[in-house]
Protein chains: 2
Amino acid sequence: MRQDGRLARMIHVLVHMGLLGGRETSERIAQMLNTNPVVVRRTMASLRQHGIVESEGGRGGGWSLTRPLSEITILDVQRALQGETILDAPLSNDHPSCPVERAANDKLQLAYQSAEQALQREFQKVTLAEVGEIAMATAQAEKRA
Amino acid sequence: MRQDGRLARMIHVLVHMGLLGGRETSERIAQMLNTNPVVVRRTMASLRQHGIVESEGGRGGGWSLTRPLSEITILDVQRALQGETILDAPLSNDHPSCPVERAANDKLQLAYQSAEQALQREFQKVTLAEVGEIAMATAQAEKRA
DNA sequence: TATACCGTAACACTATTTGTTACGCTGTGG
DNA sequence: CCACAGCGTAACAAATAGTGTTACGGTATA
């Protein structure tokens with residue numbers, strides 16, 4: 001099954017950036033994600049287009065958040081990476097004029113709309129600040145253990 | 001984005017089989033789906049394993065439903081094709097020990113569980129008989145137009 | 001026994017994501 | 001003013017998944 005991974009990876013990065021507060025280079029982010037700087041730039045570019053981060057070239061440049069983690073939801077990140085729709089209903093297109101195929105597609109479409117709504121609702125409820133808090137809390141708990 | 005298509009295609013085929021009532025060969029099903037018999041056998045084999053259809057070899061053989069369309073839900077077909085889980089949360093696995101990554105993954109997992117439940121609920125509500133009825137109705141409507 | 005089916009393995013083709021290299025542009029510090 | 005550290009982007013390789021195709025074997029029926 002498809003595993004995009006960019007959403008989780010970008011949340012990971014943004015939360016780190018928010019917690020540390022500073023600017024990060026593509027190089028350092030790439031190390032965080034076990035990948036390389038070009039992949040990072042490709043993906044971060046989408047976030048920049050949606051105003052979540054900004055980049056500066058030249059010496060001392062890098063990426064930084066444009067607003068605090070408390071004002072970024074998972075849905076914001078998702079939309080920046082992939083657009084409005086998260087789930088695509090897997091429809092068939094073998095005989096577009098066949099009423100049976102159309103009826104099957106319609107039902108699938110409705111079901112996926114319901115799932116899409118649930119997902120968007122959940123994504124909108126969660127800010128990156130929350131993710132950071134959970135991470136800090138579990139880090140504390142593990143230190144005590 | 002990923003587009004599996006097998007679910008929609010199999011619903012399409014099963015409804016046709018139910019409406020026509022008879023046995024279909026892989027060859028004829030392949031024509032319905034604009035594909036070829038081997039692909040059909042591969043996919044139908046999953047449905048057979050879950051008791052939705054049965055196959056007979058030899059002259060006059062082919063595929064047939066084991067029960068009426070009213071007793072097959074979209075969820076049944078989905079499970080036969082892919083197993084219990086429909087949606088996989090796209091998690092990251094770059095630094096499994098990083099609390100931030102884990103917190104992000106946890107939140108995504110929860111959101112996807114919510115979507116998964118919505119999807120399963122919808123899939124379970126729809127029988128293939130319903131799909132057939134809708135198809136018959138729209139076919140009628142179009143004939144009148 | 002010939003034929004019309006399914007069962008299955010093996011391989012090519014395609015599309016998508018990811019990784020990698022290369023090269024150009026820009027701003028800063030010396 | 002120039003070397004360097006950073007991003008921007010194109011181009012291409014690699015891995016993965018689904019799909020299409022060929023080939024060959026098994027089986028039931030006329």
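Lettering of chains follows the sequences in order, A, B, ..., and the numbering in each one begins at 1.
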Measure from the side-chain N and O atoms of A/H95 to the backbone N and O of B/M32, and report whether any donor-acceptor pair falls under 3.5 Å.
yes
Is it true that A/E56 and A/R23 have a side-chain N and a carboxylate O under 4.0 angstrom from each other?
yes
Whole angstrom is fine here: how far is it from CG in B/D94 over to P in C/dT18?
11 Å
In the single-linkage hydrophobic clustering (I, L, V, M, F, W, Y; side-chain heavy atoms under 4.5 Å), do B/V131 and B/L19 co-cluster?
yes
Review item, nucleotides 10-16 of chain D N/O atoms under 3.5 Å of protein N/O:
from: D/dA11; atom 1: N6; to: A/R42; atom 2: NH1; distance (Å): 3.4

C/dT20 OP1/OP2 closer than 4.0 Å to side-chain N/O of A/N36
yes
Apply the side chain to side chain donor-acceptor pair (under 3.5 Å) test between A/Q120 and each candidate in A/E122, A/E116, A/Q124; give the one that qualifies.
A/E116
So, the side chain of B/R67 versus the backbone of B/E71: is there a donor-acceptor pair under 3.5 Å, distance only?
yes
Atom CD of A/Q49 to atom C1' of D/dT9: distance rounded to whole Å?
13 Å
Validation: residues 39-46 of chain A side-chain donor-acceptor distances under 3.5 Å, sequence neighbours left out:
from: A/R41; atom 1: NE; to: A/S26; atom 2: OG; distance (Å): 3.4
from: A/T43; atom 1: OG1; to: A/V39; atom 2: O; distance (Å): 3.1

Output the rounded distance in Å from CZ (A/R6) to C1' (C/dT16).
11 Å
Side chains of A/Q117 and A/Q113: any donor to acceptor distance under 3.5 Å?
no
Hey, is the side chain of B/R59 poking within less than 4.0 Å of OP1 or OP2 on C/dC5, counting only N and O atoms?
no
Does B/I72 form a side chain to side chain contact (heavy atoms under 4.5 Å, CB included) with B/T127? I'd like the steps, not just the answer.
CA-CA 5 Å; B/I72 307 173; B/T127 68; over 6 Å; no
Please determine if a side-chain N or O atom of B/S55 lies less than 4.0 Å away from the OP1 or OP2 oxygen of C/dG7.
yes
Using atom CD of B/E54 as one end and atom P of C/dG7 as the other, report the distance to the nearest whole Å.
12 Å
Taking the basic N atoms (NZ, or NE/NH1/NH2) and the acidic carboxylate oxygens, is any pair closer than 4.0 Å for A/R79 and A/E84?
yes
Shortest side-chain distance from B/R48, nucleotide among D/dT9, D/dG20, C/dG7
C/dG7
A/R41 CZ to C/dG24 C1', straight-line distance once rounded to whole Å
12 Å
Provide, to the nearest angstrom, the distance between the CG atom belonging to A/L33 and the C1' atom belonging to C/dT20.
16 Å
Could you tell me the separation between the CE atom of A/M44 and the C1' atom of D/dG6, rounded to a whole number of Å?
14 Å
Is there a residue in residues 8-32 of chain A whose heavy atoms reach under 4.0 Å of DNA chain D, and which residues are they?
A/T25, A/S26
For A/A45 and A/G60, find the nucleotide of DNA chain D closest to each by heavy atoms; which residue's nucleotide sits nearer the 5' end?
A/G60
Can you work out whether A/T35 or B/P37 has the more 5'-proximal nearest nucleotide on DNA chain C?
B/P37
